[in-house]
Protein chains: 2
Amino acid sequence: MRKRENPLVAQFMDVLEEQGYRDTLPRRAVLQAIAQKEKHFTAEALREQLPGVGRATIYRSLKLLVDAGVLCRVLLEDGNLRYQLSRQGHHHHLLCVDCGVSADLIGCDIESRLKNVAASHDFQVSGHWLEVYGRCRQCAEAQAMMA
Amino acid sequence: MRKRENPLVAQFMDVLEEQGYRDTLPRRAVLQAIAQKEKHFTAEALREQLPGVGRATIYRSLKLLVDAGVLCRVLLEDGNLRYQLSRQGHHHHLLCVDCGVSADLIGCDIESRLKNVAASHDFQVSGHWLEVYGRCRQCAEAQAMMA
DNA sequence: GTTTATGCAAAACATTTGCATAGTC
DNA sequence: GACTATGCAAATGTTTTGCATAAAC
């Protein structure tokens, strides 16, 4: 029983083709694997999941997908970086520290506030990186149960 | 002409001793080197600067200092992590993308706002990581000059 | 004297690169 | 057919670990 191809794969493949990249089987395999994940992951984890795809291809694909805006990198609380599907443009993540699921925080309005604060430091803001850590409802409930 | 020991060294050494760590020459050397830096740095850079200290000691010291709250890790825009002296408790950094200097953003009031936004996602916030990128005044002026 | 820290070398990881081959357009 | 992507293996780079020795308390 094979999994049918995730509809996102074709969609992301289009994005890549628009940027001049070719439609190849390894890339589709990578996209398919990524589209299925609901948690962040590492390059090595993806590699284990796709033994048929060469290591270099995995790494090259991940970089390419980040550039293309299809993937984003998320920073864990301990400083480790993970990859995760990017569903829209600028956004931030709510990362559950227990189970690892992440929700997207859209409507980020901190930029204007940052600009104000930064101005008083003689600083011209051009960007920011924000990750929010906590617990999703399920994990919060489980946590409360244990206490 | 030797540099005199930076007063911060003794101060940080005290913090470590309170936590049960011993006062050793390599640790002082690391602290001294760190106290002098006004930019973020990597473990390897520190190692090159302190050829007399073993690699393992450098790495072990850095980890220890992060735990002790003396050092903090900063995230660059490209996803690389650097180390940098931590002068106070919870704070964020304004990082100059050109020269690398960083200013501390204190009085971070985003937490309450985050809690609100997150609540609507059924999410219980426990922490966050924020880095702000831009240009310090000098670099902003230099930039304007070039344009 | 007991305990902790250091230095070294080796191991363990993680990521990148060169290059011949295969696949796409 | 021209150009891009892949796979492999090797190179690179970074961080960790085991263990005997040295230093600190």
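All figures in this text were calculated on a predicted structure; none of them were measured in a lab. These numbers come from the heavy atoms of this one structure, side chains and all, not from hydrogens, waters or symmetry mates. Throughout, a chain's letter reflects where its sequence line sits, starting with A, and its residues are numbered from 1.
- Side-chain proximity of B:Arg60 to the nucleotides D:dT17, D:dT6, D:dC25 is greatest for D:dT17.
- Of the candidate nucleotides C:dC25, C:dG7, C:dT17, C:dT17 has the atom nearest to the side chain of A:Ala56.
- For B:Glu17 and D:dC25, the CD to C1' distance is 10 Å, given to the nearest whole Å.
- In this structure, the CG atom of A:Leu64 is 13 Å from the P atom of C:dT16, given to the nearest Å.
- In this structure, A:Arg28 atom CZ and C:dT24 atom P are separated by 11 Å, rounded to whole Å.
- Using a 4.0 Å heavy-atom criterion, one finds that A:Arg27 contacts the sugar-phosphate atoms exclusively.
- Heavy-atom neighbours of B:Glu44 CD from other residues, nucleotides or ligands within 6.0 Å: above the threshold of 12.
- A:Arg82 places its CZ atom 13 Å from the C1' atom of C:dA14, with the value rounded to the nearest Å.
- Straight-line distance from the CG atom of B:Leu25 to the P atom of C:dT6: 10 Å, rounded to whole Å.
- On a pure distance criterion of 3.5 Å, a polar donor-acceptor pair joins the side chain of B:Arg22 and the base of C:dT3.
- Distance, A:Ile58 CD1 to C:dT17 P: 17 Å, rounded to whole Å.
- If you check D:dA5, D:dG7, C:dG7 against the side chain of A:Thr24, the one that comes closest is D:dA5.
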Kindly give the atom pairs (protein nitrogen or oxygen, nucleotide nitrogen or oxygen) under 3.5 Å for nucleotides 11-15 of chain D.
unit_1	atom_1	unit_2	atom_2	d
D:dT15	OP2	B:Tyr59	OH	2.7

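- Around atom CD of A:Gln138, no more than 12 heavy atoms belonging to other residues, nucleotides or ligands sit under 6.0 Å away.
- Atom CG in B:Leu16 sits about 16 Å away from atom C1' in D:dC25, given to the nearest Å.
- One N or O on the side chain of B:Glu131 and one on the backbone of B:Leu75 form a donor-acceptor pair closer than 3.5 Å.
- A:His92 contributes a side-chain N or O that, together with a main-chain N or O of A:Leu130, makes up a donor-acceptor pair within less than 3.5 Å.
- The distance from atom CD of A:Gln19 to atom C1' of D:dT4 is 15 Å, rounded to the nearest whole Å.
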